2 protein chains.
Amino acid sequence: MGRRERKKAATRQALADAALKLFLERGYEQVGVKEIADAADVSVTTLFKHFGSKEALVFDQDADKEAALVAAVRDRPAGRSVPDALRDHILVSRFAYGANPELRRFLDLVESTPALREYSDRMWIRHRDALAHAIAAEIGAPADDASSAALAFFALQARALTRDHPDPRHMINETFNLLAAGWAAVHPE
Amino acid sequence: MGRRERKKAATRQALADAALKLFLERGYEQVGVKEIADAADVSVTTLFKHFGSKEALVFDQDADKEAALVAAVRDRPAGRSVPDALRDHILVSRFAYGANPELRRFLDLVESTPALREYSDRMWIRHRDALAHAIAAEIGAPADDASSAALAFFALQARALTRDHPDPRHMINETFNLLAAGWAAVHPE
DNA sequence: ATTCAAAAGTGCAATCACTACACTTTCGCA
DNA sequence: TGCGAAAGTGTAGTGATTGCACTTTTGAAT
């Protein structure tokens with residue numbers, strides 16, 4: 001990778017870092033793009049060349065999530081159903097920030113900011129087709145199989161569904177109980 | 001109803017009418033709020049006193065939809081399951097514009113405008129709790145029953161799920177097959 | 001090494017939805 | 001009859017996002 005791309009990546013990183021730092025300090029809405037650009041020592045124009053929107057500054061990794069999602073289905077333990085594998089993956093990705101306080105604060109920021117919540121939801125839904133195809137492949141159905149698409153969509157929406165529930169873990173489990181039972185009925189083995 | 005409220009309602013209606021007319025003529029994005037206000041002969045400030053956002057100008061009826069939704073569940077034919085009743089309701093509300101070309105154009109406008117699609121989706125989801133409570137009441141579960149909440153949420157999301165599918169009717173049916181089977185398994189009668 | 005075009009970055013002005021404010025007009029009603 | 005709330009106005013702002021014309025950097029081909 002040449003100097004050019006390295007510098008570009010550095011600028012991008014500086015922007016994302018500055019943004020996250022400022023957001024955590026003072027809250028998403030209380031920070032303007034101008035400040036972020038200044039903190040990263042670039043112009044606002046440059047900021048928007050790197051990130052399509054203010055929200056995008058916070059979510060700087062996307063492709064790996066999709067890969068992980070597809071892998072969760074494809075590489076699931078033998079005997080585990082597709083919905084159950086998805087349940088596991090959602091539970092882990094939602095509650096496994098372990099003892100990492102940075103991640104914890106980041107998730108709190110997202111959850112407490114409506115604009116970021118919506119953006120995050122939309123990000124997940126963008127992986128809908130990829131997940132649907134992975135599921136269809138697993139059961140040997142055509143790529144545009146409707147039930148696979150429905151399961152993929154619902155699994156991805158589960159985050160939004162369980163967000164404001166008092167007991168998210170329980171809500172997720174109940175939700176996937178419904179999906180798993182329906183899936184088993186539609187696709188008996 | 002006194003003259004005052006009549007005038008207020010008239011202004012509101014003039015705004016909604018002007019907005020819809022302009023949107024249909026030239027497209028949602030190509031029309032500014034200023035133009036709408038001018039067409040209705042009020043100030044922009046007044047426009048925003050009546051409608052919370054530009055999108056809201058298009059969706060001027062909300063309460064009745066929620067009532068219809070709850071009624072679809074509560075007053076369903078004897079022997080019909082809750083998910084099936086919801087399927088019927090969704091199918092009707094989605095395809096029953098009959099020979100009404102105005103409604104047809106309106107729906108096309110919404111479907112072809114990202115901002116309006118999202119707004120419409122969010123509007124439906126706002127009814128989530130009401131629908132969830134109605135479902136829970138039907139099966140004699142506590143109001144915060146998790147499976148009822150999941151079913152309500154998924155049924156409402158079905159519109160978004162089936163939007164960009166080549167055969168929406170088929171997609172809706174497959175989706176509700178999944179939900180109905182899951183629901184039957186979780187709530188055997 | 002020189003040159004050249006693309007890529008990265010800049011600065012400015014503009015757009016557009018939406019808000020705050022301070023103000024006037026209009027009714028409803030006591 | 002008169003007063004206060006409600007409806008409406010106009011202006012000036014904010015804040016994200018875009019378009020434009022411009023300079024600087026740098027990879028690569030000659």
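Any value given below was found using the heavy atoms of this structure, including those in side chains, with hydrogens, waters and symmetry copies removed. On a predicted model such as this, the values are computed, not experimentally measured, just so you know. In what follows, every chain begins at residue 1, and chains take the letters A, B, ... in the order their sequences are listed.
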Taking CZ from A:Arg4 and C1' from C:dA7, how many angstroms apart are they, rounded to a whole number? 4 Å
Decide whether a cation-pi geometry holds between A:Arg126 and A:Tyr119; the criteria are a distance under 6.0 Å from NZ or CZ to the six-membered ring centre and an angle within 45° of the ring axis. yes
Rounded distance in Å - CZ (B:Arg3) to C1' (C:dC29): 14 Å
Length of the line joining A:Lys54:NZ and D:dA16:C1', which is rounded to integer Å: 8 Å
Think A:Lys7 has a side-chain N or O under 4.0 angstrom from the OP1 or OP2 of D:dT26? yes
Using a 4.0 Å cut-off on heavy atoms, which residues in residues 28-53 of chain A reach DNA chain C? List them by number, or say none. A:Asp41, A:Val42, A:Ser43, A:Thr45, A:Thr46, A:Lys49, A:His50
Round to the nearest Å and state the distance from A:Leu116 atom CG to D:dA16 atom P. 12 Å
Measure the distance from CZ on A:Arg6 to C1' on D:dG27 and round it to the nearest whole Å. 13 Å
Measuring only between side-chain heavy atoms, which start at C-beta, is B:Ile36 closer than 4.5 Å to B:Phe51? no
Rounded to whole Å, how long is the line connecting atom CD of B:Glu118 with atom P of C:dA17? 16 Å
Hey, is A:Arg76 close enough to A:Asp88 for a salt bridge, meaning N to O under 4.0 Å? no
Under a 3.5 Å cutoff, is there a donor and acceptor pairing between the side chains of B:Ser120 and B:Arg159? no
B:Thr11 vs D:dG8: side-chain N/O to OP1/OP2 distance below 4.0 Å: yes
Distance, nearest 0.5 Å, that separates CG of B:Leu156 from CG of B:Leu161: 12.5 Å
Side-chain donor-acceptor pairs under 3.5 Å in residues 140-151 of chain A, sequence neighbours left out?
| from | atom 1 | to | atom 2 | distance (Å) |
| --- | --- | --- | --- | --- |
| A:Asp145 | OD2 | A:Ser147 | OG | 2.8 |
| A:Asp145 | OD2 | A:Ser148 | N | 2.9 |
| A:Asp145 | OD2 | A:Ser148 | OG | 2.6 |
| A:Ser147 | OG | A:His187 | NE2 | 2.7 |

B:Glu5 CD - D:dA7 P separation (whole Å): 8 Å
